[in-house]
Amino acid sequence: MPINVNMDKARTIQMDKIRTERNKELAAKDITFMRSVEDGDTDAQATIKAEKQALRDIPATFDLTTDVDTPEKLKAKWPTEL
């Protein structure tokens with residue numbers, strides 16, 4: 001008898017994992033941003049700001065439903081920003 005996976009719950013779990021990694025990346029970028037502020041590097045600040053916004057947008061924009069109909073495909077789906 002095959003195991004029935006609740007894909008809605010699995011998607012929630014996968015997004016939680018993505019958020020955890022995203023939060024680590026945001027924290028790392030905070031350090032880089034502060035260094036660019038200290039150096040007065042406005043170009044780096046603008047770049048980091050855009051990168052951080054892309055990370056913040058992941059939960060709203062990353063699609064875990066298209067072409068994801070098995071737990072294996074879901075686990076393999078990961079944002080390129082991370």
Side-chain angles (χ1 to χ4, degrees):
M1 175 176 249
I3 297 173
N4 188 9
V5 175
N6 183 327
M7 288 302 289
D8 288 335
K9 286 185 181 182
R11 285 183 183 93
T12 299
I13 292 168
Q14 181 70 354
M15 186 54 76
D16 288 344
K17 290 178 184 178
I18 290 169
R19 280 188 178 101
T20 298
E21 290 304 311
R22 179 210 52 183
N23 291 344
K24 290 177 189 176
E25 288 293 320
L26 282 169
K29 291 203 180 290
D30 284 342
I31 294 167
T32 308
F33 184 81
M34 290 309 297
R35 287 186 183 139
S36 69
V37 169
E38 290 171 356
D39 294 340
D41 188 346
T42 56
D43 289 337
Q45 290 171 35
T47 299
I48 295 165
K49 183 179 176 183
E51 291 169 348
K52 286 176 66 176
Q53 187 58 53
L55 290 169
R56 283 188 203 100
D57 290 343
I58 289 173
T61 60
F62 190 65
D63 180 17
L64 286 175
T65 59
T66 304
D67 297 327
V68 180
D69 55 358
T70 67
E72 294 76 23
K73 289 180 182 178
L74 179 62
K75 189 173 183 178
K77 190 144 185 178
W78 198 258
T80 57
E81 297 88 351
L82 298 174

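Fair warning: this is a prediction, and the values are worked out from it, not measured in the lab.
- Using a 4.0 Å cut-off between charged nitrogen and carboxylate oxygen, Lys24 and Glu21 count as a salt-bridge pair.
- Of the candidates Leu26, Asp57, Thr32, Leu26 is the only one forming a side chain to side chain contact (heavy atoms under 4.5 Å, CB included) with Lys52.
- We find the OG1-CG distance between Thr12 and Asn6 to be 8.5 Å, quoted to the nearest 0.5 Å.
- Shown here is Arg35, whose CZ atom has no more than 12 heavy atoms of other residues, nucleotides or ligands within 6.0 Å.
- Placement of Leu74 and Ile13 in two distinct hydrophobic clusters is found when ILVMFWY residues are connected by side-chain heavy-atom separations under 4.5 Å, directly or transitively.
- A salt bridge links Lys73 with Asp69: at least one charged nitrogen is closer than 4.0 Å to a carboxylate oxygen.
- Glu25 CD to Leu55 CG: the interatomic distance, rounded to the nearest 0.5 Å, is 6.5 Å.
- Summarising the geometry, atom CG belonging to Asp63 is positioned 3.5 Å from atom OG1 belonging to Thr66; distances are rounded to the nearest 0.5 Å.
- For Asp16, the salt bridge (Lys or Arg N to Asp or Glu O under 4.0 Å) partners two or more places apart in sequence, or in a different chain, are Arg19.
- Atom CG of Asp43 and atom CD1 of Ile48 lie 11.0 Å apart (nearest 0.5 Å).
- With a 4.5 Å cut-off on side-chain heavy atoms, Pro79 and Arg22 do not count as touching.
- In summary, the side chains of Gln45 and Asp41 do not present any donor paired with an acceptor at a separation below 3.5 Å, with no hydrogens or angles considered.
- The OG1 atom of Thr47 lies 9.5 Å from the NZ atom of Lys29; values are rounded to the nearest 0.5 Å.
- At least one donor-acceptor pair under 3.5 Å links the side chain of Arg11 to the backbone N or O of Val68.
- Gln14 and Lys75 get closest at one heavy-atom pair: NE2-O, 3.5 Å.
- Between Asp67 and Lys77, every side-chain heavy-atom pair lies at or beyond the 4.5 Å cut-off.
- When all heavy atoms of Glu81 and Ala54 are compared, the closest pair comes out as CG-CB, 4.5 Å.
- Annotation: side chain of Leu82 is in contact with side chain of Ile58 (closest heavy-atom distance under 4.5 Å).
- Interatomic distance, CZ of Phe62 versus CD1 of Ile18, reported as 5.0 Å (0.5 Å rounding).
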